[in-house]
Amino acid sequence: MRYLIILGLIYFAYRTLKSWMLPGGPSKTKVSREPAGEIDDVMVKDPYCEVYFPKRNGVHLTIDGKDLYFCGTECRDKFIAARSKRDV
Ligand SMILES: [Zn+2]
């Protein structure tokens, strides 16, 4: 019986505390940080330096009908250079 009273008191104190904290507390902790299911932000691998990065940040290149994404123009240019060197 005593436990129930203590539990009730704790619950009441918790509710009171919560109602105090809600209006004045800083409520900007987790508003815009969640990824909200953006499908285009997929990770792809740079075929040159083999680094994974978000596809939207990548440099796009189409070779032989294949879509390739590089972490930067430098890698893209090196990849093209290495490729053309190999082909010759
Ligand atoms: Zn790279």
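Keep in mind the model is a prediction, meaning the values are calculated, not measured. Just so it is clear, the values below take in all heavy atoms, side chains as well, and ignore hydrogens, waters and symmetry mates.
A salt bridge is defined here as a Lys NZ or Arg NE, NH1 or NH2 lying under 4.0 Å from an Asp or Glu carboxylate O, and R83 with D64 meets this definition.
Taking the side chain as every heavy atom from C-beta outward, M43 and K55 never approach each other to under 4.5 Å.
Here the straight-line distance linking atom CG of L61 with atom OH of Y69 works out to 10.5 Å at 0.5 Å rounding. Distance check, rounded to the nearest 0.5 Å: CG of L17 to CD1 of I10 gives 12.0 Å. To the nearest 0.5 Å, atoms NZ (K45) and SG (C71) are separated by 12.5 Å. Between the CG atom of L4 and the CG atom of L9 there is a distance of 11.0 Å, given to the nearest 0.5 Å.
The side-chain hydrogen bond (donor to acceptor under 3.5 Å, both in side chains) contacts involving residues 7-17 comprise nothing, where partners must be two or more places apart or lie in separate chains.
Note on F70 and I80: same hydrophobic cluster, where clusters join Ile, Leu, Val, Met, Phe, Trp and Tyr whose side-chain heavy atoms are under 4.5 Å apart, directly or indirectly.
The residue from D46, V59, L68 that alone fulfils the side chain to side chain contact (heavy atoms under 4.5 Å, CB included) condition with R76 is V59.
For D67, the side-chain hydrogen bond (donor to acceptor under 3.5 Å, both in side chains) criterion is met by H60, T62, not counting sequence neighbours. Partners of Y48 according to the ring pair (Phe, Tyr, Trp, His ring centres under 6.0 Å) rule, which considers only residues two or more places apart in sequence or in another chain, do not exist here.
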